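Below: the structure, in structure tokens.
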Amino acid sequence: MLTCRDEILAAIRRLQSRHGRAAFRLDEIAQEVRAATNRYSESTIRTQVVSKLCKQAPVHHGTVYDDLDRVGRGLYRLHSG
């Protein structure tokens with residue numbers, strides 16, 4: 001079973017493939033995840049993106065990842081390493 005993190009990263013990759021760009025608004029990411037599964041609420045998806053997966057986010061959670069970069073207000077892309 002995929003985690004919310006897995007679903008978000010897969011959603012961003014689908015968006016990249018479909019739209020040919022690297023960065024996406026938070027609402028685009030949330031909509032893409034919700035289109036694929038209803039297991040996660042929009043608020044859970046938003047919290048994951050903004051607070052747990054974003055490299056630039058302050059550490060407010062026990063487990064955080066550097067999966068995403070914030071490249072503008074409400075705009076995220078996969079971290080390139």
Side-chain angles (χ1 to χ4, degrees):
M1 182 177 292
L2 296 177
T3 65
C4 187
R5 176 183 179 216
D6 295 330
E7 294 285 1
I8 290 167
L9 298 177
I12 293 171
R13 289 184 185 99
R14 287 192 304 272
L15 287 166
Q16 288 176 325
S17 178
R18 195 164 55 242
H19 296 288
R21 57 188 163 98
F24 297 93
R25 295 184 324 269
L26 182 54
D27 64 319
E28 291 177 290
I29 297 167
Q31 287 174 2
E32 184 69 21
V33 172
R34 297 280 292 156
T37 182
N38 62 0
R39 288 185 34 221
Y40 304 103
S41 69
E42 185 167 335
S43 64
T44 296
I45 297 163
R46 289 175 175 274
T47 297
Q48 289 281 315
V49 170
V50 172
S51 298
K52 295 186 82 174
L53 303 182
C54 182
K55 180 177 171 59
Q56 292 78 23
V59 177
H60 294 293
H61 299 278
T63 303
V64 294
Y65 303 94
D66 291 345
D67 294 323
L68 305 176
D69 286 315
R70 184 177 21 241
V71 295
R73 184 178 175 123
L75 196 62
Y76 298 87
R77 71 172 178 212
L78 292 175
H79 180 65
S80 57

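Computed from a predicted model, the values in this text were never measured in an experiment.
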Nearest 0.5 angstrom please: [X] [atom1] to [Y] [atom2], how far?
X: Thr37; Y: Glu32; atom1: OG1; atom2: CD; value: 12.0 Å
X: Lys55; Y: Tyr76; atom1: NZ; atom2: OH; value: 15.0 Å
X: His79; Y: Leu53; atom1: NE2; atom2: CG; value: 12.5 Å
X: Arg34; Y: Glu42; atom1: CZ; atom2: CD; value: 7.0 Å
X: Phe24; Y: Ile29; atom1: CZ; atom2: CD1; value: 8.0 Å
X: Arg73; Y: Leu26; atom1: CZ; atom2: CG; value: 11.5 Å

Test item: [X] and [Y] side chains (from C-beta on) under 4.5 Å apart, heavy atoms:
X: Leu78; Y: Arg13; value: yes
X: Leu9; Y: Leu68; value: yes
X: Glu7; Y: Gln48; value: no
X: Arg70; Y: Cys54; value: yes

Looking at every non-hydrogen atom in both residues, tell me the closest pair between Ser51 and Ala57 and how far apart they are. O-CB, 3.9 Å
So, for Val33 and Ile45, which heavy atoms are closest and what is the spacing to 0.1 Å? CG1-CD1, 3.5 Å
For Leu2, does its backbone N or O pair with a side-chain atom of Arg39 as donor and acceptor, under 3.5 Å?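 Yes: the side chain of Arg39 pairs with the backbone of Leu2.
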Mind checking what makes side-chain hydrogen bond (donor to acceptor under 3.5 Å, both in side chains) contact with Arg77, not counting sequence neighbours? none
Should Val64 and Ile12 be regarded as members of a common hydrophobic cluster, given that ILVMFWY residues are connected when their side-chain heavy atoms come within less than 4.5 Å of each other, either directly or indirectly?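 In one cluster: no.
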